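Each remark here refers to the structure printed beneath this line.
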Amino acid sequence: MSRGLEVDEIELRRVQMPLVSPFRTSFGVTTVREALLVRVRTPEADGWGECVADAEPRYSSEHLAGAEQAISDFLVPALSGLAEVTVAAALEAWSVFDGHLMAKAALEAALLDADLRARGRSLGEELGAVRTEVDCGVSVGIMDSIPELLDQVGGYLSAGYRRIKLKIQPGWDVEPVRAVREKYGDIPLQVDANTAYRRFDTSHLARLDDFDLLLIEQPLPERDLLGHQHLAGALRTPICLDESITSAADAAQAIALGVCSVVNIKAGRVGGLLEAKRIHDVCQAHGVPVWCGGMLESGVGRAANLALAALPGFTLPGDTSASERYYTRDLTTPFVMVDGRLSVPSGPGIGVSPDPDVLTEHTTHVVHLEGPR
Ligand code: OSB
Ligand code: MG
């Protein structure tokens, strides 16, 4: 972005989207996804961003109401001090505010989308995409019983998903993994604990080594890098970090310390698409494979995730699933999986826009903020 954006208005919109089935993780269950959409209005185009914070601070310390407040009270006012509103200048101005990465990512995405649409350039091109479609994996929640889990996994395999990820927690780990391996054989399979284990669980987690998993994602708490380092030495299964990695500096440190050998990148968790690309670059330079995570996004966030997942270092299938895995009606034209892959949008910006009627139907409240003066 060279010249500045003329931002007339910023719209913050809360939406509620019922999931096709409840999604249970070690930190809670979601039946209706609550999201915050950011629309940046400029004379040339509207730019869209989706905030990945949850209604409650369980996955991370951020939550939706807090993100909304951070945007309206700090991030938008900070734009007023800029000579020119550019994405780079905005990120620089926001760097004085500690944390609030999900809030920053949502507004960054909307500014970037507005700018790219005005310039007729796709997000994929801007980030350095090298492919037009990406391999899809699917994240399978904790279920009430093994037969229900096997049914759900079977459905996703029939649909064509190229990799299955099982959510695990103490009491739901070795047995479900064994059952899926026994029934479905040598499929690409991995697990995600969302910080549910502690260092004293090391010998229990080592039992997962029998199942040739692609990786185990975030077994220990976010801050416990040393614990993950010990675990990496004790397990054959590769350690992948999600919650622990919030910047390129985090990724560089984790790699240098031998804490993980794979990284799950979520732009929404790391303060934006540009930081996500930097994490990708650091990992690629060290030969560490990455994949694109998800936070049950609507089509708005999904479109941006697909552009990111098209970068060369994203060599593992991500949690970039089809719209119908989450929602009966997505906010955008649904993303449909063909042969286990989703197409990377090629239109300007994120390449899709919310349908006004679906948007209105799901909206619970809207706030309009004046653009920077
Ligand atoms: O840890 O990857 C995670 C969903 C919400 C919060 C955290 C996570 C997830 C998922 C689902 O695993 C990914 C998706 O399909 O969007
Ligand atoms: Mg995860």
Side-chain angles (χ1 to χ4, degrees), residues 17 19-35 50-64 67 101-102 105 134-143 152-153 155-156 159 161-169 172 189-197 213-222 228 238-246 260 262-270 276 279 290-306 308-309 316-327 330-331 334-335 337 342:
M17 302 178 66
L19 288 170
V20 293
S21 58
F23 184 68
R24 183 181 297 279
T25 66
S26 56
F27 59 88
V29 60
T30 307
T31 48
V32 178
R33 173 150 188 277
E34 293 194 53
E50 178 169 350
C51 183
V52 298
D54 282 330
E56 297 184 1
R58 293 170 179 259
Y59 167 81
S60 82
S61 62
E62 290 188 80
H63 70 296
L64 269 187
L101 299 179
M102 292 176 175
V134 303
D135 288 353
C136 299
V138 62
S139 175
V140 184
I142 292 164
M143 312 291 285
Q152 187 147 116
V153 169
Y156 291 139
Y161 283 101
R162 289 170 175 267
R163 170 283 245 143
I164 300 288
K165 160 171 141 183
L166 304 182
K167 290 288 189 181
I168 59 167
Q169 66 180 11
W172 182 266
L189 185 64
Q190 65 193 51
V191 293
D192 184 4
N194 289 110
T195 75
Y197 296 87
L213 300 174
L214 291 169
L215 57 89
I216 177 170
E217 181 180 348
Q218 198 68 44
L220 305 177
E222 196 169 317
H228 283 103
I239 308 282
C240 169
L241 292 178
D242 173 355
E243 285 88 328
S244 297
I245 305 296
T246 64
C260 66
V262 184
V263 175
N264 167 346
I265 303 182
K266 293 173 179 166
R269 186 195 65 228
V270 304
I279 295 176
V290 303
W291 53 279
C292 183
M295 298 282 285
L296 314 176
E297 288 90 344
S298 77
V300 172
R302 191 162 309 284
N305 287 347
L306 289 167
L308 183 65
L316 296 169
D319 286 343
T320 44
S321 311
S323 293
E324 66 166 17
R325 177 255 175 272
Y326 310 92
Y327 305 110
D330 205 337
L331 296 179
F335 284 91
M337 190 168 68
L342 286 179

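None of the values given here were measured: they were computed from a predicted structure. Ligands are counted one by one from 1 in listed order, and the atoms in each one are counted from 1 as well.
Each of the following atoms of ligand 1 lies closer than 4.0 Å to a heavy atom of Lys165: 2 (O), 3 (C), 12 (O). The ligand atoms of ligand 1 that sit less than 4.0 angstrom from a heavy atom of Phe27 are 6 (C). For ligand 1, the atoms closer than 4.0 angstrom to any heavy atom of Asn194 are 1 (O), 3 (C). Annotation for ligand 1: atoms under 4.0 Å from non-hydrogen atoms of Lys167 are 1 (O), 2 (O), 3 (C), 8 (C), 9 (C), 10 (C), 12 (O). Residue Glu217 has at least one heavy-atom neighbour below 4.0 Å for each of these atoms of ligand 1: 2 (O). Counting the atoms of ligand 1 from 1 in the order shown, those under 4.0 Å from a heavy atom of Asp242 are 1 (O), 2 (O), 3 (C). Near Lys266, meaning under 4.0 Å from any of its heavy atoms, are these atoms of ligand 1: 1 (O), 2 (O), 3 (C), 7 (C), 8 (C).
Annotation: protein N, O or S atoms under 2.8 Å of the Mg ion (ligand 2) (waters excluded) comprise Asp192 OD2, Glu217 OE2, Asp242 OD2.
Of the protein's non-hydrogen atoms, Phe23 CE2, 3.6 Å is the one closest to atom 4 (C) of ligand 1. Taking atom 13 (C) of ligand 1 as the reference point, the nearest protein heavy-atom neighbour is Gly294 O, 3.3 Å. Annotation: atom 15 (O) of ligand 1 to nearest protein heavy atom, Tyr326 OH, 2.5 Å.
The side chain of Asp192, and not its backbone, has at least one atom closer than 4.0 Å to an atom of ligand 1 (non-hydrogen atoms only; side chain from C-beta on). Residue-level proximity to ligand 1 for Thr30 is absent, since no heavy atom of it falls below 4.0 angstrom.
A donor-acceptor contact closer than 3.5 angstrom is absent between the side chains of Thr195 and Glu222.
Rounding to the nearest 0.5 Å places OH of Tyr327 at 5.0 Å from CG of Leu19. Between Met102 atom CE and Cys51 atom SG the span is 7.0 Å, to the nearest 0.5 Å.
Counting only distance, with no hydrogens or angles, the side chain of Asp330 and the backbone of Ser323 share no donor-acceptor pair below 3.5 Å. Checked by atom type and distance alone, the side chain of Ser26 pairs as donor or acceptor with a backbone atom of Ala193 at under 3.5 Å. No donor-acceptor distance shorter than 3.5 angstrom exists from the side chain of Glu34 to the backbone of Ala55, with no hydrogens or angles considered.
The heavy atom nearest to atom 16 (O) of ligand 1, considering only Asn305, Leu296, Thr25, is found in Leu296.
Annotation: Ser321 places no N or O atom under 3.5 Å from an N or O atom of ligand 1; distance criterion only. On a distance-only criterion, Met295 and ligand 1 share at least one N/O pair closer than 3.5 Å. Between Tyr59 and ligand 1, a contact under 3.5 Å exists for no N or O pair.
Aromatic ring orientation, Tyr156 versus Tyr161: perpendicular (interplanar angle above 60°, classes split at 30° and 60°).
For the side-chain hydrogen bond (donor to acceptor under 3.5 Å, both in side chains) with Asn194, the qualifying choice from Lys167, Glu217, Gln218, Gln169 is Lys167, the only one to do so. In summary, of the residues considered (Arg302, Arg162, Arg325, Arg163), a salt bridge (Lys or Arg N to Asp or Glu O under 4.0 Å) with Asp319 occurs for Arg163 alone.
When every heavy atom of Leu316 is checked against every heavy atom of Trp291, the shortest pair comes out as O-CB, 3.4 Å.
Crowding of Gln152 atom CD: a count of heavy atoms from other residues, nucleotides or ligands under 6.0 Å exceeding 12.
Judged by the shortest distance from any of its heavy atoms, Glu243 lies outside the 4.0 Å radius around the atoms of ligand 1.
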